[in-house]
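Note that the coordinates shown come from a computational prediction; the quantities given were computed from them, not determined experimentally. Chain naming here is simple, since letters A, B, ... match the order of the sequence lines and numbering starts at 1 in each.
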Protein chains: 2
Amino acid sequence: MTFAQFSRQASLSRGDICREILASHRESIKAKKEATAVKNLELIFDATLALANQKGFQAMTVRDLSRATGLSMGALYDYFTSKEELLEMVLSTGRRVVMRLLERGLQEAQGPLEQLRAAIRTHLFLSEAMQPFFFFAYMEARHLGEEQKERAKQSELATERLLAEIIQRGAKAGLMAPGDHQMAAALIKAMLQDWYLKRWKYAKRRVSVDRYAGFVERAALALCLGQGLPSPGEEMTGS
Amino acid sequence: MTFAQFSRQASLSRGDICREILASHRESIKAKKEATAVKNLELIFDATLALANQKGFQAMTVRDLSRATGLSMGALYDYFTSKEELLEMVLSTGRRVVMRLLERGLQEAQGPLEQLRAAIRTHLFLSEAMQPFFFFAYMEARHLGEEQKERAKQSELATERLLAEIIQRGAKAGLMAPGDHQMAAALIKAMLQDWYLKRWKYAKRRVSVDRYAGFVERAALALCLGQGLPSPGEEMTGS
DNA sequence: GCATAAAGCGAGCGAGCGATCGCTTTTTTA
DNA sequence: TAAAAAAGCGATCGCTCGCTCGCTTTATGC
């Protein structure tokens, strides 16, 4: 599976995402006609991600957003009741879309090794297709209220658990070396996140998602196949 | 080397860091006596990291800082000329201290394998000892001015280059498998950063730095020793 | 083509921000 | 212990923020 193939089959457009925002916030959005609502939500969604990723959501002002979208202050507030709700709106909808596509990307893979590869590629390809959103979600999670922040953490743990369970099944089937599958999953997750957190670095080096995916796959396999790997010195001094 | 050993020999105290801030900003700090200046800089440094890591530097107000330190608005402005200078002050001094300690931690290790282990442990132990600062530096880098932001990126690339050069030497000496040493270094760096970015996760699981270091070491070795590792399927569909 | 509903507007509000400065309190010096 | 120096203070300033609301403009239905 390459990124090009993934893009073709996933076909996730901003329009779909904004229709989803509209559906889940129907009561607080004043616009009556779906066409108008979706058009403006797209403007707002894009501009919010662009501005927030450039200067941070806190530093972005609603006047910035007005300038970037071409909508007046008043018109903007027909789509959210407060700046905080705007943040919550973008994050919760995005997270829901990501989760759905992640699960869809995994259901075809058969056997632990194939599943591990599918999980890695799906995660990377998704974060490539929705890079501004992934970066936004990572950096702005801590500005959320307590119960929303907890949901963000749960989302992080859920994707990690997905990896851990694959590795555990692989170990049980004798395809991977036994070891700490939770820790292995955590390290793989860290590698996956680096792709969208350090975009500027990989862009400058002209590393494509496909090449990065290949590399992470090999690293993950090396990690899972050789977990018992004897290593010189005194580790496991742990708490 | 364990974290306990590292802490003993590095002995980096807040006092030392604040003395360094004082020295490099002598002209803009109004306090005359070193003892007073260092005492208050410690209060300011600690409170800034605590507040900014909780709610973000932008969202933290100078009045918050006044409440947390017990100093009045006026007294605070005897130590920095603007909120932005406070940010720059903390970040640039911290980065200088980190760079010095990183280099010191590496100079004893002999041979690529030992150097790789030393680099991993030193980076992890440093980020453990100065966790609030590392998190702060990572999250607030993008709120800096352009030339300071560039310096932050250079700092990121410098530590990565350090790893890449070790791996390259190891491959030349035949101790590690040949491969893309820059990419291997990038992935190792991602694993190192996860330690201070996801503190809450590892704390809840009672994973100590020492145990984490052991795990990253094994992952790094698996990655470097088996880089040519044949892997199923169609990768290297690159750029 | 006119009435009515929908969408869009932007000056203006109170709140809270970063920053200042004339004054008081504390410490040092002789 | 009195004078001088240093440190500390907080009301106040100008400004910008998030947000509102009475009004205008545009689209729709008959």
Side-chain angles (χ1 to χ4, degrees), chain A residues 18-19 21-22 25-45 47-48 51-52 54-90 140 143-145, chain B residues 18-19 21-22 25-45 47-48 51-52 54-90 140 143-145:
Chain A
C18 291
R19 243 178 297 276
I21 294 180
L22 180 60
H25 291 78
R26 206 55 199 97
E27 72 290 355
S28 65
I29 292 175
K30 296 227 180 68
K32 307 284 175 184
K33 297 195 306 176
E34 172 159 329
T36 321
V38 169
K39 184 197 74 180
N40 286 335
L41 280 173
E42 280 186 40
L43 285 173
I44 293 170
F45 188 84
T48 301
L51 285 167
Q54 188 202 323
K55 51 160 76 177
F57 185 78
Q58 297 270 357
M60 175 197 87
T61 71
V62 183
R63 283 171 178 85
D64 287 336
L65 202 60
S66 166
R67 221 168 298 128
T69 56
L71 294 168
S72 67
M73 295 287 291
L76 285 176
Y77 275 89
D78 286 344
Y79 292 89
F80 46 82
T81 57
S82 72
K83 199 187 167 195
E84 199 185 328
E85 202 209 44
L86 170 63
L87 174 60
E88 186 275 331
M89 200 165 87
V90 172
E140 307 297 346
H143 297 133
L144 288 164
Chain B
C18 291
R19 242 178 298 276
I21 294 180
L22 180 60
H25 291 77
R26 206 54 197 101
E27 73 289 355
S28 66
I29 292 174
K30 296 228 181 67
K32 308 285 176 182
K33 295 194 306 174
E34 174 160 326
T36 321
V38 169
K39 183 197 74 183
N40 286 336
L41 280 172
E42 279 187 41
L43 285 172
I44 293 170
F45 189 84
T48 301
L51 285 166
Q54 187 201 325
K55 52 158 78 176
F57 185 78
Q58 297 270 357
M60 174 197 88
T61 72
V62 183
R63 282 171 178 82
D64 287 336
L65 202 58
S66 165
R67 220 167 299 127
T69 56
L71 293 169
S72 68
M73 294 288 289
L76 285 177
Y77 276 91
D78 285 345
Y79 292 90
F80 47 82
T81 57
S82 72
K83 198 187 168 195
E84 201 186 326
E85 203 209 45
L86 170 64
L87 175 59
E88 186 274 332
M89 199 164 88
V90 172
E140 307 298 345
H143 297 133
L144 288 164

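- Atom CG in Leu22(B) sits roughly 11 Å away from atom P in dA7(D) (whole-Å rounding).
- Following rounding to the nearest Å, Lys32(B) (NZ) and dG8(D) (P) show an atom-to-atom distance of 13 Å.
- Nucleotide dG18(C) holds its P atom 11 Å from the CZ atom of Arg67(B), rounded to whole Å.
- Each of Gly70(B) and Asp64(A) was matched to the nucleotide of DNA chain D holding its nearest heavy atom; the match closer to the 5' end belongs to Gly70(B).
- Atom CD of Gln58(B) and atom C1' of dG16(C) are 15 Å apart (whole Å).
- In this structure, Ile29(A) atom CD1 and dA7(C) atom P are separated by 11 Å, rounded to whole Å.
- What separates NZ of Lys39(A) from P of dT26(D) is a distance of 13 Å, to the nearest Å.
- Atom CG of Leu71(B) is separated from atom P of dG18(C) by 16 Å (rounded to the nearest Å).
- Atom pair Asn40(B):CG and dA6(D):P shows a separation of 16 Å (rounding to whole Å applied).
- Figure legend: Lys83(A) and Tyr77(A) shown without cation-pi pairing, the cationic atom not lying both under 6.0 angstrom from the six-membered ring centre and within 45 degrees of its axis.
- Inter-residue side-chain proximity for Met89(A) and Thr48(A) is flagged as unmet; no heavy-atom pair is nearer than 4.5 Å.
- Taking CG of Asp78(A) as the start and CD1 of Ile29(A) as the end, the distance is 10.0 Å to the nearest 0.5 Å.
- Residues in residues 61-71 of chain B take part in these side-chain hydrogen bond (donor to acceptor under 3.5 Å, both in side chains) pairs, two or more places apart or across chains: Lys55(B)-Asp64(B), Thr61(B)-Asp64(B), Asp64(B)-Arg67(B).
- Leu86(B) has its side chain out of reach of Thr81(B): every pair of non-hydrogen atoms, C-beta onward, lies at least 4.5 Å apart.
- For Asp78(B), whose side chain is taken as the heavy atoms from C-beta onward, the closest listed nucleotide among dG18(D), dG8(D), dG8(C) is dG8(D).
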Subject >> B/S/- contact track for nucleotides 19-30 of chain C, protein heavy atom under 4.0 Å >> reply: BBB-----SS--
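- At distances below 3.5 Å, at least one donor-acceptor pair connects side-chain atoms of Glu140(B) with backbone N or O atoms of Phe57(B).
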